Structure formats: structure tokens, C-alpha cells
Amino acid sequence: MMKIATWNVNSIRSRLEQVVQWLQENSVDVLCLQETKVVDADFPRSLFEQLGYHLYISGQKSYNGVAIISRSPLADVSTGFAPVLGDNNIGELDEQKRVITGVLDGIRIVNLYVPNGAAVDSEKYYYKLRWLKVLRDYLQTLLQQPAEVALNPKASSAAVQSAIQNPKSLCVCGDFNIALEDRDIHDPAAFKGRIMASEAERQALRLVLELGLADAFRKFTAEGGHYSWWDYRTGAFRGNRGWRIDHHYLTPDLYERAISCKIDSAPRKLPKPSDHTPVIVEF
DNA sequence: ATGGCAGTAAAATACTGA
């Protein structure tokens, strides 16, 4: 039994009370945060540590920033693309803190904050597309790496053979800033071809998923009208004018094991909320 | 087409987000 949540909190310091409260009311094993907007030295660790959680963080001043908050310690934690792909293959893409990963109970959890892209054809849009291409290489490399058991000198040769031959279990979650299908947008016609819905972004994400990853939410829910982000402006939440852009993508073994995937819209109703709300997958 | 709203850094607005 394991629950993994993802939540873009739009500043952990502004949302600290809400996040701690939510953790106390929702017994998740792992909470992946995005847009923490704080350097590591200033991350508000203590309330989480008092609750018994372990923290793994990668932040920067003002923008971006990711963190994994886990009830149990994680193995093999790394941040950014470089530890997996090497320094020569990623250009400047690790300057923005958007990637953190670790292993829990044989599941590699990858927590992502995909670039927003500003507007189609902008400089930031091409940064987003380039980032998604590198993400594919990154995940492909993780999938090809032998599992931790294969690196353990005490593991039996049978276990090592099995670990090498069997695909790894990956839960790739976070704020993707892409609605892959029209049913993920409240008014797809109005946003056709626009940022977060454009064909090039969707195709870049599809290429990532072709590595063998499937959307946990769509295992259980086919209809539209379910969203994870609502614009602060123009009363978008009240009118449920939202987008589903926060996802859990799972390798086949985990997809089979998943027993629920739910969006918890309660935190979006609070005063001073994040514009995103948590999504939780359960195995 | 633009702005609406919110957070950060910094001290008023500019930048970013989605």
C-alpha cells in the first residue's frame, strides 16, 4: 500500500500551513511539490520533520523548485538531468530546478516541474520543447539502468538477472504544464493550438510516454470536467474553468497495481490557495 | 488583443506563471 501525491504549491513559504495541514489529514507516503520558490537553505523543513517526514529538495531563488517529502527515507536521490545524462548532454537545462528523483520500495519516483512555455513560438516555448526532448532521454536512461538490486554486491545472481531483465517501476509525476487531450481542458476550442495545448507540446509529451508510461488518472476516469489547475483570475475555480495538467505517469507494472487516482479539490477552496490542487495515486 | 490574479524581490514596479 502506497500513496504518492503531487502538488504545485506556488511557493512553499506562502502555502506552508496549508501543506502541513493537508499532510496531517491525508496519509500519503510521498508528497511531490513543485514551484517551491525558495533556496534550499531557507526551505521550511521543521514542521515536516516534526511530523516524521524526510525531505529531499532542489530549489532556487524566486522561481521553480521541487521537493519530495517522504515518510520513509528514499534511496538513490538525485536532482537535475546531469547525474543521469552527464554534464555534456543537457546544456543549461539544470540551471532551473525542475527535476528530483529517488527510490522507495523498488519504485523510482520522478518529480517534475515542466517549463510553462509562456506562449507558442516564444523563446520559452522552444526551451520547453527542448526540455521535453531531454526528459525523454533522461527517463529512457533511468529505465535502462539496472535496478538497485543489481548494484548490490550481496544480491544473489538470480536476483541480479531478474533486475536486469525486468523493466523498472517508474512513477513520473508533477506539473507537466500540458493538457494532453481536449477532455483535459474546460474549453478546448478556445485554447486550440495555444500554450499547454499546442500540438508540438503534446507530441513531445507523447514521445516521452512512448517509453512505456501511462496516465494513472485515466485508468479510472474517462470523462472530462476533472481539472488540477484553475487560473486565479476571472473566478475560474468557481466556474470549474480548469485544466488537468498535473499527472502521474506509470510504467505498466505500476499501472496494473494502481487502485485509485484522485484529484483533491479541497485545498483550492481555501483562502489564499495555490492555483493547483493535489492529485493522489494509490497502489 | 488585453487584462484579470498571485508570488518574489525589493521597495515601485518588473518578471514570471499558465
Side-chain angles (χ1 to χ4, degrees), chain A residues 6-20 32-44 57-67 92-93 95-99 111-132 135 173-202 204-205 224-247 263 265 267-279:
Chain A
T6 180
W7 190 4
N8 179 323
V9 291
N10 187 17
S11 169
I12 185 59
R13 287 178 294 182
S14 290
R15 225 63 63 200
L16 180 60
E17 204 178 321
Q18 290 183 23
V19 175
V20 169
C32 295
L33 302 179
Q34 303 88 33
E35 278 208 270
T36 52
K37 295 189 173 180
V38 64
V39 294
D40 294 354
D42 294 338
F43 193 100
I57 58 185
S58 177
Q60 65 184 89
K61 193 164 92 169
S62 306
Y63 306 118
N64 311 312
V66 284
E92 77 295 6
L93 293 182
E95 286 172 15
Q96 300 181 14
K97 305 307 181 190
R98 298 177 175 279
V99 179
N111 176 19
L112 303 174
Y113 176 44
V114 177
N116 165 266
V120 170
D121 275 340
S122 68
E123 200 175 312
K124 288 184 177 134
Y125 181 73
Y126 292 107
Y127 181 94
K128 182 179 194 175
L129 294 178
R130 205 160 70 245
W131 196 94
L132 287 164
L135 174 64
C173 65
D175 175 2
F176 284 76
N177 274 319
I178 298 172
L180 200 51
E181 302 176 299
D182 283 353
R183 61 181 164 164
D184 299 323
I185 309 172
H186 69 276
D187 185 354
F191 294 95
K192 186 175 171 61
R194 307 278 295 274
I195 197 66
M196 299 196 294
S198 74
E199 187 48 35
E201 291 168 74
R202 287 178 169 181
L205 180 52
H226 299 276
Y227 309 121
S228 62
W229 171 80
W230 299 262
D231 199 309
Y232 282 123
R233 297 164 289 191
T234 66
F237 182 67
R238 264 186 291 114
N240 196 26
R241 292 186 294 274
W243 295 58
R244 198 176 68 87
I245 54 177
D246 300 271
H247 307 296
I263 298 168
S265 57
R268 190 64 177 79
K269 297 170 184 160
L270 297 171
K272 303 280 284 177
S274 169
D275 43 356
H276 297 251
T277 211
V279 187

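Computed from a prediction, not measured in an experiment: that's the story for all the values here. In what follows, chains are A, B, ... by sequence order, proteins preceding strands, each numbered from 1.
Within 4.0 Å (heavy atoms only), A:Ser14 reaches sugar-phosphate atoms of the nucleic acid but no base atom. A:Arg194 comes within 4.0 angstrom of no nucleic acid atom, judged by non-hydrogen atoms across all strands.
In this structure, the side chains of A:Arg98 and A:Pro115 come closer than 4.5 Å at one or more pairs of heavy atoms.
A:Asp184 and A:Tyr227 share no donor-acceptor pair across their side chains, judged by distance under 3.5 Å alone.
Within a 6.0 Å sphere centred on CD of A:Glu123, heavy atoms belonging to other residues, nucleotides or ligands number 12 at most. Atom CD of A:Glu17 sits in a sparse spot, with 12 or fewer heavy atoms from other residues, nucleotides or ligands closer than 6.0 Å.
Between B:dA12 and B:dT2, the two P atoms lie 28 Å apart (nearest whole Å). For B:dA11 and B:dA6, the P atoms lie 24 Å apart once the distance is rounded to whole Å. Comparing the C1' positions of B:dA1 and B:dT13 gives a spacing of 23 Å, expressed to the nearest Å. With C1' as the reference atom, B:dG4 and B:dT16 are 16 Å apart, rounded to whole Å. Remark: the separation of the P atoms in B:dC15 and B:dA10 is 14 Å, to the nearest Å.
Between the C1' atom of B:dG7 and the CD atom of A:Gln18 lies a distance of 14 Å, rounded to the nearest Å.
Each of A:Asn8, A:Asn177, A:Ile12 was compared with A:Gln34 under the side-chain contact (heavy atoms from CB on, under 4.5 Å) criterion, and only A:Asn8 meets it.
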>> Strictly under 4.0 angstrom, non-hydrogen atoms only: write out the protein contact profile of nucleotides 9-18 of chain B, one letter per nucleotide from the 5' end, B, S or -.
In response: S-----BSSB

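OP1 or OP2 of B:dA6 has not a single side-chain nitrogen or oxygen of A:Ser11 nearer than 4.0 Å. Side-chain N/O atoms of A:Arg15 include none lying less than 4.0 angstrom from OP1 or OP2 on B:dA6.
Applying the salt bridge (Lys or Arg N to Asp or Glu O under 4.0 Å) rule to pairs touching residues 185-194 of chain A yields nothing, sequence neighbours excluded.
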